[in-house]
Amino acid sequence: MISRDDVAYLATLSNLQLGEQEAADLQQDLEHIIEYIHQLDELDTSGVEPTYQVSGLENVSRDDLIDTYGLAPEALLALAPLAQDNQVKVPKVL
Amino acid sequence: MTTIAEYQAHSARENVEAALQKVHENESFHALISTTEARARERAEAVDRGEITGKLAGVPFIAKDNFLAYGAPTTAASRILEKFEAPIQATAIEKLEAEGAICIGKANLDAFAHGGSTENSTFGPTLNAFDQTRVAGGSSGGSAVATALGIVPFAIGTDTGGSIRQPASFNGLVGVKPTYGTVSRFGVVAMASSTDTIGVFTTNASDAELVMSIMAGQDNKDMTTLPDFFVPVSAGDKKRVGIIKQFMTDDVDAGVRAVVQDYVQRLKAKGYIVDEVDMPILRYALAMYYIIVPAEISSNLGRYDGIRYGKRAEGAQSLNDVYGKSRDEGFEPENKRRIMIGSFVLSSGYFDAYYLQAQKARTLLIQAFDELFKNYDVLIGPTAPTPAFKLGENSEDPVKMYLADVMTVPASLAGLPAINVPGGTNPDGLPVGVQLIGPRRSDAQLLAMAREVEQR
């Protein structure tokens, strides 16, 4: 069972400020989805190693060279919604 | 014109103008989010002047709008990236351009590629190429429909759990999801990093082979890319094929099963040996997928914070408001569902029961595939349990929508190459696709088999 408090907690973890109706809808949807995925519980996985990647590659390394991808800092700052004096601008933190 | 060779017989300018004209004529399908008209015309002139040459010189294509590309915003069909102008291009696009191909526009998708119908796009759904009351499939629905309508001979997309194969099935196309690691994902909006792949839609297997051979290859900008292996091959020795029992049950649409059976007959006529194979673990694959993939999504989508790029919510007073409001306004409901599920399965107290259990189950799934590939060269079945469904039919219940992915997610979780080939139509004239799944790095063999059985 997923409570409204659970939804609020997950929204905090997810950095989402949900509206009232959205939170109510999500409560119902999450309930259905979690009920579905819960069936994995039936499967006996004792002694099985988890999979974390499927490429089969190990310890891939490259030369330690700086690559700016041809981008100047100005091009990246231009993407920020607010920037000033060569810095990204955010609301006051302290 | 439907094949790459037909386009190569014309000038780049003629090709680009014809493609843009078709974009205009087919606007009602809503396959595209934007065109890259000005840049496409410039490149066409350069090709016609002989300044750009290559295997795809002057051939127009369309990219799903989650590939960073010049000439138009890269929106991922989302509000938060609606005006995002990419300062770099995806490696896949750079490689196609280096061979003279010309991107003419960006295709619609489910926002951030989360969905199986393209109905989750912020900018409205794409309509099926064969029936405008039905979905395009998804998430690469726009790329599929643009190819099926003959706007371009090929379009590129991403496939994380079926997002190329299923829309290819719904629109009667060849759709390739390669072995995990075949094509660099640099410059492509990330969804689930352990299953994200890049592939192509074409009208025939030879064109798919050509485009894949160009896009494939190791890239220092994506350290998960495999050492180069993709080399087109001819069909060669007659192969053993396993038809997956769990994909041919009564739950699967009868019209779909009939098309698959017909394809099996065509394989047998070509000398292939076909047996039924049993893979009981498959019934758990969808549950694994909807634990692992949302977990990776919740992590990958953490980067959309309204600070460094993308849209920031207006009037946010504190830093937490900037994050929380920008994300709430910038994401679609399905994005939020997946992020929240991801947060749930990764959260303290649930991690072992869901995420860890799913990753262990994934090991069992991979072992079951490996076991079958000791005796079979290729596994086949339908790509989707139904033909294209009606718009709105699965929108109310997210689990019902997820069930449309039940046949495509297993190959994704195991990192296997899988392609959709057009099998025929159901009694209502809707396309039905057949899925071919092979061992890792057997991509070229799968395409050779598709080409051999193809009806031209």
Side-chain angles (χ1 to χ4, degrees), chain A residues 2 6-7 9-19 22 25-26 29-30 32-57 60-63 65 67 69-72 75-83 88-93, chain B residues 84-85 87-88 180-181 194 220 223-224 226 284 287-288 290-291 298 302 305-312 316-325 327-328 331 333 336-337 339-345 347 353-354 356-364 366 397-399 402 413-415 440:
Chain A
I2 296 291
D6 293 333
V7 173
Y9 174 62
L10 292 174
T12 306
L13 291 179
S14 308
N15 263 326
L16 289 167
Q17 285 186 12
L18 302 172
E22 265 190 307
D25 291 347
L26 273 165
D29 291 345
L30 296 192
H32 284 166
I33 296 166
I34 290 164
E35 191 188 309
Y36 182 81
I37 61 180
H38 191 71
Q39 63 173 298
L40 260 195
D41 204 33
E42 301 163 23
L43 199 64
D44 181 7
T45 57
S46 45
V48 178
E49 284 293 312
T51 297
Y52 289 112
Q53 56 108 338
V54 294
S55 70
L57 299 172
V60 181
S61 61
R62 59 165 173 76
D63 294 337
L65 299 171
D67 184 353
Y69 304 144
L71 292 172
L76 294 173
L77 280 166
L79 299 173
L82 275 177
V88 173
K89 202 171 170 184
V90 296
K92 213 157 116 182
V93 179
Chain B
F84 178 74
E85 297 273 355
I88 47 168
Y180 179 81
S194 84
N220 270 344
M223 301 305 268
T224 62
L226 299 172
Y284 296 107
M288 295 174 210
Y290 278 99
I291 292 170
S298 73
D305 54 9
I307 304 278
R308 294 159 300 156
Y309 50 84
K311 190 172 186 299
R312 183 182 295 186
Q317 299 298 317
S318 68
L319 200 54
N320 274 336
D321 273 4
V322 171
Y323 299 145
K325 285 192 187 357
R327 289 164 64 78
D328 187 51
F331 291 138
K336 295 177 201 175
R337 261 178 228 128
I339 291 168
M340 298 272 283
I341 289 288
S343 296
F344 173 79
V345 300
S347 64
Y354 290 95
L356 199 61
Q357 174 72 353
Q359 295 288 32
K360 287 177 179 175
R362 186 182 192 177
T363 302
L364 296 176
I366 293 169
D397 180 358
V399 173
Y402 296 170
L413 289 168
R440 272 174 284 281

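First the proteins, then the strands, lettered A, B, ... as listed; each starts at 1.
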For the residue pair [X] and [Y], establish whether any side-chain heavy-atom pair is separated by less than 4.5 Å.
X: A/D29; Y: B/K336; answer: no
X: B/V322; Y: A/V90; answer: no
X: A/L13; Y: B/S347; answer: yes
X: B/V345; Y: A/I37; answer: yes
X: B/F344; Y: A/I34; answer: yes
X: B/M288; Y: A/L40; answer: yes
X: B/P398; Y: A/I33; answer: yes

Should we count CD of A/E42 as having more than 12 external heavy atoms under 6.0 Å? yes
Measure the [atom1]-[atom2] distance between [X] and [Y] for me, rounded to the nearest 0.5 Å.
X: B/K360; Y: A/L43; atom1: NZ; atom2: CG; answer: 11.0 Å
X: A/Y52; Y: B/R362; atom1: OH; atom2: CZ; answer: 10.5 Å
X: B/Y290; Y: A/Y36; atom1: OH; atom2: OH; answer: 9.5 Å
X: B/R337; Y: A/L26; atom1: CZ; atom2: CG; answer: 7.0 Å
X: A/S14; Y: B/R327; atom1: OG; atom2: CZ; answer: 7.0 Å
X: A/K89; Y: B/R312; atom1: NZ; atom2: CZ; answer: 9.5 Å

Under 4.5 Å heavy-atom distance to chain A, tell me which part of [X] shows up: side chain, backbone, both or neither.
X: B/S298; value: neither
X: B/A353; value: neither
X: B/L413; value: backbone

Side-chain (B/S194) to main-chain (A/Q53) donor-acceptor, under 3.5 angstrom: no
Are the side chain of B/Q357 and the backbone N or O of A/T45 linked by a donor-acceptor pair below 3.5 Å? no
Of all of [options], which one pairs up most often with chain A through heavy atoms under 4.5 Å apart?
options: B/G181, B/S318, B/G342; value: B/S318
options: B/I341, B/L226, B/I88; value: B/I341
options: B/D305, B/N220, B/L356, B/L364; value: B/L364
options: B/G310, B/G415, B/S343; value: B/S343
options: B/D397, B/I307, B/L319, B/I339; value: B/I307

Top contributor to chain B contacts, counting heavy-atom pairs under 4.5 Å, from [options]:
options: A/D6, A/L76, A/L71; value: A/L71
options: A/V60, A/L77, A/L16, A/D63; value: A/L16
options: A/E22, A/K92, A/E35; value: A/E22

Side chain, backbone, both or neither: which part of [X] has a heavy atom under 4.5 Å from chain B?
X: A/S61; result: backbone
X: A/A11; result: both
X: A/D44; result: backbone
X: A/L10; result: both

Would you name the heavy atoms of [X] and [Y] that are closest together and state the gap between them?
X: B/D321; Y: A/Q17; answer: OD1-NE2, 2.9 Å
X: B/A316; Y: A/P91; answer: O-CG, 4.2 Å
X: A/L79; Y: B/P87; answer: CD1-CG, 3.9 Å

Listed partners of A/H38 passing ring-ring contact (aromatic ring centres under 6.0 Å, His included), at least two apart: B/Y354
Residues passing the ring-ring contact (aromatic ring centres under 6.0 Å, His included) test with B/F84, sequence neighbours excluded, are B/Y309
